[in-house]
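In what follows, a single structure is set out as structure tokens and then discussed.
Every value quoted in this text rests on a predicted model; they were computed, and no experiment measured them.
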Amino acid sequence: MRSLRGVRFIRGYAKPLVMKPLSLLGTAVVLGLSLLPLSALLLAFPAIAPQESVLTDAVSNRMSWFQRTRNRLFALFGGLVVLLALLAVSVEVVTRLPLPQNGSFGIIATTLMPAPKFLLGKTPAEQETRLATMSSASRAFFTTPLHEKLPPAMVQHWPFVILTMYGFDLLLLMFIGKVPLSYNIRNVLVRWKTNAMTAVAFVCVIALLVFLLAFVNGMNNLTKDSGIPGNIVVLSDGATDELFSNLAYAEVDNVERVTTTWDEKDRPLPAPARIRKESIGGREKFLASKETYYVINMPVPNTTPPRRRFVQLRTMEDADIAARVHEAKLFPGGRWFSASGVDDNSRIECVLGQGVAETLGQDVGKPMLGPGDSFEMGDMNWVVVGVMQSQGTTYGSEMWARRFNRITK
């Protein structure tokens, strides 16, 4: 009898196990909505417990399978409707606020929502083959980044949208009147020590997050202002930074002959493109600047104990081409270094970034070095012939000079 009763016990619970996948699905949906405003969660809660309700005070204890399924679907539909309504109203409100065009957190949204070309294949060739067989509407969908299809407020100012959603959510909960706000207030007062520690922890975490995001956004803006969208940086095979790149002279000479069939967004060009030519100094020249990048350990004068600093030096063959490629400009009164790279006193002519000029100027008691000032670095004498207008770019911390063989002993 014990064995038989055991079998009956198992069989008695076999039927509810058939509904387990549906319950798990409802639980997953409710957990997903738990990250969203509370009103949508409360309305969707009957999806996991059909005998519960938010908008009515009494629920029947006996419901058929059809009634339970109807309540689940209605709960999910009601929760999604409230969520979409809160989102739409919040986006409209944030759009009308006097906020800057580009938000501090926009880079996160644009990075996480690229064009869905990766769905078409693993390689660019595979993707282009499938795009060629599609209609213009389908091709536009797969080549347009997802963030361009959303309202600008949801991309550039999505934190404000979330805060506005929770503000309207609080008003909606007060209107429904089913949430005991007075109990919540009493709970905060009774457990004030725990709540205070939680608040301090949240403030510290948020402050650290804001600091890190500010640093990342500053670096992004710095590199964005330094780079030119149409420029290409050519490095040696395997090099991840120009400091470790080592191109041979023969490879550098071939740069002007290289052609490409892709643009900066990996889209096919109607015809092969090559490096542009412009008239510089009365001659047609390719806009290809052949540069060498150094980091020099320079002693700081008049310091006890002696200290040293790292100085970034970029040497190039043609200053006019480099200035055109990098769109660099000089302060009035300055000039680019000559073709020989040295002056009549055998001093190396150089152009300083604004940050370097200010740092080296402090060594001699001046706010900034200017044309005509000289200094020593690497056992050689240098003379400043110009200062770049490089505020807010990476070139502000660089020195530019004519390419030569000897830098240091």
Side-chain angles (χ1 to χ4, degrees), residues 222-223 226 233-236 239-253 288-323 325-326 328-331 333-391 393-409:
L222 181 66
T223 54
S226 302
V233 180
V234 180
L235 303 176
S236 60
T240 58
D241 186 85
E242 56 187 342
L243 182 62
F244 303 102
S245 177
N246 187 17
L247 286 170
Y249 284 99
E251 295 172 335
V252 174
D253 292 336
S289 180
K290 303 171 184 178
E291 304 172 355
T292 305
Y293 181 76
Y294 305 86
V295 176
I296 300 178
N297 192 350
M298 174 185 178
V300 180
N302 303 323
T303 55
T304 304
R307 293 189 298 111
R308 307 180 75 89
R309 65 164 69 99
F310 289 107
V311 179
Q312 303 174 60
L313 174 64
R314 187 181 299 274
T315 62
M316 53 206 63
E317 291 186 356
D318 195 317
D320 293 328
I321 293 179
V325 170
H326 296 288
K329 298 181 180 179
L330 301 177
F331 281 106
R335 64 172 177 85
W336 294 104
F337 42 86
S338 61
S340 63
V342 295
D343 65 355
D344 297 335
N345 298 321
S346 299
R347 296 179 301 181
I348 301 177
E349 297 178 342
C350 65
V351 173
L352 303 182
Q354 189 171 347
V356 175
E358 293 174 354
T359 301
L360 296 181
Q362 295 174 3
D363 296 340
V364 294
K366 298 178 63 175
M368 179 189 298
L369 292 185
D373 293 329
S374 60
F375 59 93
E376 290 187 3
M377 183 178 69
D379 298 330
M380 293 184 290
N381 293 324
W382 301 69
V383 59
V384 181
V385 296
V387 178
M388 289 185 286
Q389 300 179 16
S390 53
Q391 185 69 31
T393 67
T394 57
Y395 305 121
S397 57
E398 292 183 359
M399 293 172 48
W400 288 11
R402 178 74 166 81
R403 190 165 73 179
F404 49 89
N405 294 326
R406 179 178 177 273
I407 299 298
T408 58
K409 286 186 178 181

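At least one side-chain heavy atom of R347 sits less than 4.5 Å from a side-chain heavy atom of S374. For the pair L369/V364, a side-chain contact is recorded, criterion being any heavy-atom separation below 4.5 Å from C-beta on. L330 has its side chain within reach of V351: a pair of non-hydrogen atoms, C-beta onward, lies under 4.5 Å apart. Residues M388 and F331 fail the side-chain proximity criterion, which asks for heavy atoms closer than 4.5 Å. Side-chain contact between V295 and L243 is present, with heavy atoms from C-beta onward closer than 4.5 Å. No side-chain heavy atom of I296 sits less than 4.5 Å from a side-chain heavy atom of F310.
Interatomic distance, CZ of R402 versus CE of M316, reported as 10.5 Å (0.5 Å rounding). With rounding to the nearest 0.5 Å, the separation of CG in N345 from CG in N381 is 9.5 Å. Put simply, CD on E317 and CZ on R403 are 4.0 Å apart, with the number rounded to the nearest 0.5 Å. Taken to the nearest 0.5 Å, the CZ atom of F375 stands 5.5 Å off from the CG atom of L360.
Residues A401 and L313 share a closest heavy-atom pair of CB-CD1, 4.2 Å. Residues S338 and V342 share a closest heavy-atom pair of OG-O, 3.8 Å. Residues A322 and S289 approach most closely at CB-OG, 3.5 Å, considering heavy atoms. Nearest approach of L352 to V384, heavy atoms of both residues: CD1-CG2, 3.6 Å. Shown here for Y395 and H326, the closest heavy-atom pair between the two residues is OH-ND1, 2.7 Å. Shortest non-hydrogen contact noted between M380 and I348 is SD-CD1, 3.6 Å.
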- In sequence, state the C-alpha distance, the side-chain angles, and the governing distance for Q362 and M368, and then conclude on side-chain contact (heavy atoms from CB on, under 4.5 Å). CA-CA 7 Å; Q362 295 174 3; M368 179 189 298; over 6 Å; no
- Message: side-chain contact (heavy atoms from CB on, under 4.5 Å), that's the test. Do M399 and M377 meet it? Break it down for me.
- Response: CA-CA 12 Å; M399 293 172 48; M377 183 178 69; 3.7 Å; yes
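Under a 3.5 Å cut-off, the side chain of R308 and the backbone N or O of N297 do form a donor-acceptor pair. With hydrogens and angles ignored, the 3.5 Å screen pairs a side-chain donor or acceptor of S245 with a backbone N or O of S236.
A salt bridge links D373 and K366; the closest N-O separation between the charged side-chain nitrogens and carboxylate oxygens is under 4.0 Å. Salt bridge D363/R309: present, at least one basic N to carboxylate O contact under 4.0 Å. One finds a salt bridge joining E349 and R335 here, because a Lys/Arg side-chain nitrogen approaches an Asp/Glu carboxylate oxygen to under 4.0 Å.
A donor-acceptor pair shorter than 3.5 Å cannot be found between the side chains of E291 and T315. A donor and an acceptor atom, one from each side chain of Q312 and S397, are located under 3.5 Å apart.
A ring-centre distance under 6.0 Å is not found for W400 and F337.
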